[in-house]
Every structure is written in structure tokens, then in C-alpha cells.
Amino acid sequence: MAADLTVTIAGVTLKNPVMSASGTFGNGREYEDLIDLTRLGALVTKGVSAVPWEGNPTPRIAETPAGMLNAIGLQNPGIDVFIEREMPFLAALRGKGTRIIVNVCGHSVEEYLTVIDRLRDQPVDLLEINVSCPNVREGAIAFGQDPVMLKEVTEACKEHAAQPIIMKLTPNVTDIRVLARAAEEGGADAISLINTLTGMKIDVEKRRFLLANRTGGLSGPAIHPVAVRMVYEASHAVSIPVIGMGGIASGTDAVEMMLAGAAAVAVGTMTFHEPGAMVRIIDEIAAYAERHGIRQIRELTGAVQG
Ligand SMILES: Cc1cc2nc3c(=O)[nH]c(=O)nc-3n(C[C@H](O)[C@H](O)[C@H](O)COP(=O)(O)O)c2cc1C
């Protein structure tokens, strides 16, 4: 008998544990002709802000060994255009059983709350709050790097949200457990990690930075072992579900992330390389379950031995 691949995050059941990582899959429409979107456990949108964001100057992408650096700067048309242009497509996909998770970004608490309020009556299953955004009005430090601010922004988001909230954590901290606990104490229903690791690349011939922004976020297989370690640490620090991401390229990587403590996984950079990666990974997880006689995939969460 085929394994039961369903997993539940904050009361929301996904048909399988695989979702897109925010910002690496557009809002799904671009991939409609390339893959069967209804196979996905959930679709996570690009970051959406209260007003349109232009993003950073180019060049804003650079290749690295086994990964990439990006400094897109969360370019998006803002919540009003998002609801008008993207929601009908996402609602139709949701009607076919793929869960919809909207990723929310902001420069200030008010900006997060504006987006969250606008999404109250939309057909959205979960909100993912990106607290790895660069500067905030209150003190020019990323919300996600300060446990006191993280707890406060989580509380504010939770109070306004109609849907359960996932706080998306940055790995650019000394101790991820402190931030994971702050999110849980603030009322987060789940956490997701890792966002990209800050990096830099220099063209030595021209003696210039490769990215106009100078620094960028490192993603892809190069960061996978760091992500596994952080998911392990975070999941042992909290009792809410953890969504694991960072360099997942195969079913083996996804299973590894679940064994480390993830209830579900997201696939990002690999989709740029292979648009069908998520569907392949779902099939590979199912094959792993069959090979190991696993009846329910959720049994894998945190099941690493020794
Ligand atoms: C081009 C690009 C754009 C991204 N945009 C967002 C975003 O809008 N919001 C967000 O929370 N994370 C964003 N991320 C981070 C990813 O969702 C993910 O956390 C990270 O890339 C690690 O997963 P991966 O190694 O599978 O790509 C972006 C990543 C990339 C590469």
C-alpha cells in the first residue's frame, strides 16, 4: 500500500510535505505549463508588501559553487495588485487541494499588518512572515535577528491574522534556538528556516563587487548541511512545527531535513535549475517510504537516531 504522505501544519493538512520556497517560484503561474501544480503540498508565494517595492539595482544574481547569491530586494507590486492579479489563479489551485501560503514582507510592523489585514478574507491557508527583511523603521536591524523585536512583531502579526502564521527565520544569527523560542513565545503557529546566508563575491579581474548591492543571500545545495543543523537545533528548542528549507535537491535531502526535525520542506534554488524538481522530490520521498516500509511520512519528523 502506498504511504500516507499527508502532513499537518497548524491544523492545515497538506497532501504531501513539499512546497515551493518563497521567491523562487513566482506565484506559480509561470510554471503552469511546465509542471502539474496540483501535485504540490503547498505553493508559497513571492514576498508581498503593503506598497510596491522596486527591488535592488542590477546585477543582483551571481552563481557560486553549488549555489547562487541573490540580492533581488523583495521586488513585488504590492498587496492590492497581488490580490487582483494573483489571487484568482491561486484560489483555483487551492480548489484542487494544493494549499496556498502567502509570504509577507515589510519595513515596519505597520506594513506587515496592512498586508495581513488585506489577506483576512482571502482564500489563503497560512501566512509566512518574512522577518529577514533588511531595515526596519524602529531601529535599522532585521526583526529576525533580535529576539525581543521578533517576539513583538510575532505578537502583532498573530493578533491581526485570520490565518495561522509561520515566522520565517534568518540563519544570520549566532544561536537560532533563541530566535525560534522568541517566535514561539510571540504566538507563532510554526516557523520556517532557513532563509539565505549573507555572502559576497568579488570579480578579481575588475576588482569590483559582483552584485550591485555588494552582499547577497546564498542559497542552493551549498547551504544544505547548515540548514539541516539549524532545523535540528530549532526543532529541539520549540514545540511548534518547523518547515525546513535550504539546498534541498532530492528526496534524500528532503527526508534528511524531516529526520532532523522538519514537519514539511520547501524547495527553492533547485527549481531554477530543474523546473520539475519538486514533483521529482515528491516521487522520491514516496519511493523512500515504500523502500523503508513507512506507512505515514509524518513518522519521519525528528526521527533521527543516536
Ligand atoms: C531568488 C530568490 C528570491 C527569494 N525571495 C524570497 C522572498 O521573497 N521571501 C522569502 O521569505 N524568502 C525568499 N528567498 C529565500 C528562499 O525562500 C529560501 O529560504 C532559500 O533560498 C533557501 O532555500 P533553497 O536553498 O532551496 O533556495 C529567496 C531566495 C532566492 C534564491
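Atoms within a ligand are numbered from 1 in the order they appear, just like the ligands themselves. Quick note: residue numbers are just sequence positions, from 1. Just so we're clear, the structure is a prediction, and the values are computed from it rather than from any experiment.
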Salt bridge between Asp4 and Arg295, side-chain N to carboxylate O under 4.0 Å? no
Using heavy-atom distances, let me know which of Ser132, Ser219, Gly268, Gly247 sits nearest atom 21 (O) of ligand 1. Ser219
Proximity of Asn76 to ligand 1 by residue part, where a heavy atom lies under 4.0 Å: neither
Between the side chains of Thr38 and Thr98, does any donor sit under 3.5 Å from an acceptor? no
In short, Met19 meets Ala264 closest at the heavy-atom pair CE-CB, 3.9 Å
Indicate, as side chain, backbone, both or neither, the part of Asn130 found under 4.0 angstrom from ligand 1 when only non-hydrogen atoms are considered. side chain
Thr13 and Thr6: side-chain donor and acceptor closer than 3.5 Å? no
Could you tell me the residue and atom name of the protein heavy atom closest to atom 11 (O) of ligand 1, and the distance to it rounded to 0.1 Å? Asn103 ND2, 3.0 Å
Would Arg181 and Glu185 pass as an ion pair if we require N to O under 4.0 Å? no
Would you please say whether a donor-acceptor pair under 3.5 Å links the side chains of Ser239 and Glu184? yes
Could you list which atoms of ligand 1 come closer than 4.0 Å to a heavy atom of Thr196? 20 (C), 21 (O)
Under the criterion side-chain contact (heavy atoms from CB on, under 4.5 Å), I'd like the reasoning laid out for Ile101 against Thr45: C-alpha separation, chi angles, the key distance, then a yes or no. CA-CA 6 Å; Ile101 304 178; Thr45 70; over 6 Å; no
For Arg29 and Glu86: C-alpha separation, side-chain torsions, deciding distance, then whether salt bridge (Lys or Arg N to Asp or Glu O under 4.0 Å) applies. CA-CA 8 Å; Arg29 243 184 314 158; Glu86 310 293 342; 2.9 Å; yes
Quick one: do Thr170 and Asn195 satisfy side chain to side chain donor-acceptor pair (under 3.5 Å)? Show the steps, please. CA-CA 5 Å; Thr170 171; Asn195 209 317; over 6 Å; no
Quick check on contacts: which atoms of ligand 1 are under 4.0 angstrom from a heavy atom of Gly47? 8 (O)
Verify the neighbour count for atom CD of Glu299: are there more than 12 heavy atoms of other residues, nucleotides or ligands below 6.0 Å? yes
Short N/O distance, under 3.5 Å, between Glu128 and ligand 1? no
For atom 8 (O) of ligand 1, closest protein heavy-atom neighbour: Leu74 CD2, 3.1 Å
Pairs of nitrogen or oxygen atoms closer than 3.5 Å, one from Ile72 and one from ligand 1: do any exist? no
Given Ile194, Ile223, Asn70, which has its nearest heavy atom closest to atom 30 (C) of ligand 1? Asn70
Would you check whether Ala266 has a nitrogen or oxygen atom less than 3.5 angstrom from a nitrogen or oxygen atom of ligand 1? no
Considering heavy atoms of the protein only, find what lies nearest to atom 15 (C) of ligand 1 and give residue, atom and distance to 0.1 Å. Asn195 OD1, 3.4 Å
Is any N or O atom of Met245, backbone or side chain, closer than 3.5 Å to an N or O atom of ligand 1? no
Verdict with reasoning, Tyr31 to Thr271, per side-chain contact (heavy atoms from CB on, under 4.5 Å): CA-CA 10 Å; Tyr31 287 87; Thr271 296; 3.6 Å; yes
Polar proximity ligand 1 side, Ser22 side, N/O cut 3.5 Å exclusive: yes
Can you tell me which residue and heavy atom of the protein come closest to atom 12 (N) of ligand 1, and the distance to 0.1 Å? Lys168 NZ, 3.0 Å
Which ligand 1 atoms, with their elements, are less than 4.0 angstrom from a heavy-atom of Gly246? 22 (C), 23 (O), 25 (O)
For atom 3 (C) of ligand 1, what is the closest protein heavy atom, and at what distance to 0.1 Å? Gly23 O, 3.4 Å
